[in-house]
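So the structure is just underneath, and the comments pick up after that.
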There are 2 protein chains.
Amino acid sequence: MSSAANFLPTSASVKPPILPSRHTVHDLSIDHFDSEMSADHSDSHAPYLHLQARQAHQRMLEAMQVIRDLVKPTAKVVRAGDVLYRAGQPFDTVFLINAGAFKLVSRSLDGREQIVSLKFRGDWLGFSGIANGRHACDAVAMDTGNVSIIPYDALAEGCSRHTPLMSVVHSAMSTEISRERESLMSVCTLASQARVAEFLCAWARSMAQRGLRADELTLRMTRADLGNYLGMTLETVSRCLSRLAREQLIRFGERGRRQITIPDLARLENYVISGTAGKSTHLQ
Amino acid sequence: MSSAANFLPTSASVKPPILPSRHTVHDLSIDHFDSEMSADHSDSHAPYLHLQARQAHQRMLEAMQVIRDLVKPTAKVVRAGDVLYRAGQPFDTVFLINAGAFKLVSRSLDGREQIVSLKFRGDWLGFSGIANGRHACDAVAMDTGNVSIIPYDALAEGCSRHTPLMSVVHSAMSTEISRERESLMSVCTLASQARVAEFLCAWARSMAQRGLRADELTLRMTRADLGNYLGMTLETVSRCLSRLAREQLIRFGERGRRQITIPDLARLENYVISGTAGKSTHLQ
DNA sequence: CGACCCTTTGATTCTGGTCAAGAATCGTGG
DNA sequence: CCACGATTCTTGACCAGAATCAAAGGGTCG
């Protein structure tokens with residue numbers, strides 16, 4: 001895991017980062033369904049990926065292919081701020097993200113709001129609604145994107161007919177469970193700065209797995225969102241990022257402080273692990 | 001090192017007799033498979049349940065019935081400390097809890113340990129292993145109990161054959177996702193005392209849903225476990241419980257401080273909600 | 001250009017973590 | 001049945017990290 005550092009894609013084929021903006025029209029060339037879904041696009045990135053990330057990427061592409069073949073879903077374009085579904089709405093569809101980024105926001109009976117998950121290309125949206133027929137959270141686009149709309153009935157029907165499809169769906173749910181747990185682990189066991197660091201690492205790994213640049217992240221969220229997701233205040237997030245930058249573990253892009261460069265991912269990962277970082281809620 | 005926690009004898013034929021060694025003899029009348037599964041037992045409790053809890057209870061019983069009818073699993077008795085599976089072991093079976101309580105423990109690459117979930121009768125164990133063929137965490141029994149052993153292949157096969165079974169399984173996974181998120185919400189948005197309070201409320205509701213007493217909880221875990229699960233130190237847990245007791249929101253049982261009485265659940269829930277409790281990682 | 005939001009940074013407060021001592025409980029062996 | 005040692009739990013004193021309050025700088029958009 002340590003040598004994760006050098007799989008930089010030649011920026012030749014790589015696209016300019018999108019400016020995070022609120023509700024303006026976005027350049028679709030990057031995140032557009034077709035361009036990002038095409039096999040040659042993935043090929044152009046694959047050689048630079050680590051074996052593991054590459055395999056994951058491959059599995060994702062295969063899964064998406066299975067869905068397209070068996071379910072033949074319709075697609076839909078979304079822009080930053082668009083809401084795919086809201087908590088409480090009757091559940092009947094799930095979504096597969098072809099491009100873009102989404103946040104899932106839960107609300108408790110009293111007004112507490114919590115970003116419980118971030119989702120990207122290849123992830124599914126809506127599974128949490130299966131259990132009681134209503135969506136359990138809001139799904140909000142953080143950027144221009146594209147999703148496949150998949151009626152749950154059709155999906156279930158397809159699952160019972162095609163074992164590979166069921167396998168894909170079960171894997172996706174299983175992964176979602178695991179990822180949720182990783183978040184919990186992070187929040188419970190890491191001090192704030194390490195938590196921010198790990199968040200960046202996770203984002204980077206996540207991008208790598210999707211065949212995207214992993215060394216230059218463009219966070220599509222405010223410090224407040226970030227803090228909420230990580231269980232700290234926006235001021236603390238800001239301070240932690242500044243400190244990480246001061247310690248040369250990250251750099252801010254010239255295109256604004258939401259763009260973050262990770263010069264050496266292994267070193268950042270190491271900071272999390274060996275860090276001064278513990279929160280000591282030790283077991284036994 | 002109490003739980004040297006080795007695997008139970010896995011010999012297909014013989015079930016080990018229930019012989020609690022270092023743990024006190026438990027009264028099995030409540031948690032025993034047969035008694036708790038019997039319809040009249042559930043009837044004897046149902047009248048005291050809220051409508052919602054009762055429906056949930058009903059759904060759980062139906063689901064368990066479906067499993068027994070369609071998969072015909074073998075069962076296995078476990079004692080406190082027994083380990084059903086460990087992180088990293090090849091995944092091939094899931095488990096359905098007939099009785100007892102389990103904790104799921106995740107470990108990060110560096111040594112951090114985190115109890116990511118608590119599971120009870122009607123819950124499933126092992127779903128998180130589907131995605132990459134290996135279990136993602138340890139499953140440890142916190143008490144004498146009984147699980148159905150369900151080979152995943154058989155389950156998948158059954159799912160493709162019987163829609164209701166698939167429905168049950170999908171619901172179970174969906175629920176697991178939602179619950180994981182609730183944990184995250186709790187850890188991220190509540191101050192420690194409110195978090196402890198909410199934990200107790202959740203446990204109580206959970207018991208109610210299973211047709212068990214909801215006003216007298218017997219926590220089967222140490223303060224350290226509790227703290228770990230809730231993301232705080234054991235000392236903080238202790239202080240919070242003491243404070244809750246001082247404020248009459250809970251009472252300690254005469255059978256030890258792991259037994260907790262909730263005289264008025266609504267009041268405790270209200271404390272969480274209206275509480276002095278917020279952690280203010282407010283969104284926007 | 002000005003209004004608004006986002007971000008950073010500092011000063012201060014306070015919750016919760018750390019360290020330590022003592023009490024209660026459990027399990028074991030006599 | 002009791003005594004002893006080992007855990008587990010509670011409580012206090014102290015301290016650190018993160019929340020809160022406040023103000024100023026930067027970007028973006030109308």
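Everything numeric here is computed off the predicted structure, so don't read it as measured data. Proteins get letters first, then strands, A, B, ... in listed order; numbering begins at 1 in each.
The listed nucleotides are C:dG16, C:dT9, C:dT7; the one nearest the side chain of A:Arg223 is C:dT7. Of the candidate nucleotides C:dC6, C:dG10, C:dG17, C:dC6 has the atom nearest to the side chain of A:Arg258. Comparing D:dT10, D:dA19, D:dG12 by their closest approach to the side chain of B:Leu234 singles out D:dT10. Nearest nucleotide to the side chain of B:Ala191, out of D:dT10, C:dG16, D:dT20: C:dG16.
Between B:Met232 atom CE and D:dA16 atom C1' there is a gap of 18 Å when expressed in whole angstrom units. To the nearest angstrom, P of D:dC9 lies 16 Å from CG of B:Leu244. Taking atom CD1 on B:Ile260 and atom P on D:dC9, their separation rounds to 11 Å, with Å as the unit. Counting to the nearest Å, the C1' atom of C:dC6 and the CG atom of A:Leu219 are 14 Å from each other. The CG-P distance, from A:Asn228 to C:dT7, rounds to 14 Å in whole Å. Here the P atom of nucleotide D:dG27 and the CZ atom of A:Phe252 are 13 Å apart, to the nearest Å. The distance from atom CG of A:Asp225 to atom C1' of C:dC6 is 12 Å, rounded to the nearest whole Å. Summarising the geometry, the separation between CD on B:Glu254 and C1' on C:dT25 is reported as 15 Å, rounded to the nearest angstrom.
A side-chain donor-acceptor contact under 3.5 Å links A:Arg195 to the backbone of A:Leu190. For the pair A:Asp138 (side chain) and A:Ala87 (backbone), a donor-acceptor distance under 3.5 Å is present. The backbone N or O of B:Glu113 lies less than 3.5 Å from a partner atom in the side chain of B:Asn228, making a donor-acceptor pair.
A donor and an acceptor atom never sit less than 3.5 Å apart when one is taken from the side chain of B:Arg243 and the other from the base of C:dT15. Contact annotation: side chain of B:Arg257 to base of D:dT7, donor-acceptor pair absent below 3.5 Å. If you check distances only, the side chain of A:Arg239 never reaches the base of D:dG17 with a donor-acceptor pair under 3.5 Å.
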Take B:Arg210 and B:Asp123, measure what side chain to side chain contact (heavy atoms under 4.5 Å, CB included) needs, and give me the verdict at the end. CA-CA 10 Å; B:Arg210 288 165 172 80; B:Asp123 291 334; 2.9 Å; yes
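A:Ser192 has a side-chain polar atom (N or O) that falls below the 4.0 Å cut-off from OP1 or OP2 of D:dA18. At D:dT7, none of the side-chain N or O atoms of B:Thr222 fall inside 4.0 Å of OP1 or OP2 (strictly under the cut-off). Taking only side-chain nitrogens and oxygens, A:Thr233 never comes nearer than 4.0 Å to OP1 or OP2 of D:dA18. Taking 4.0 angstrom as the limit, B:Thr236 places a side-chain polar atom (N or O) nearer than this to OP1 or OP2 of C:dG17.
The 12-atom threshold is exceeded at CZ of B:Arg267, counting heavy atoms of other residues, nucleotides or ligands nearer than 6.0 Å.
If A:Glu235 and A:Arg195 are placed on DNA chain D by their nearest nucleotide, the residue sitting closer to the 5' end is A:Arg195.
Nucleic acid contact for B:Ser238: base, since at least one base atom lies under 4.0 Å from a heavy atom of the residue.
Ring planes of B:Tyr229 and B:Phe199: perpendicular class, angle over 60° (limits at 30 and 60°).
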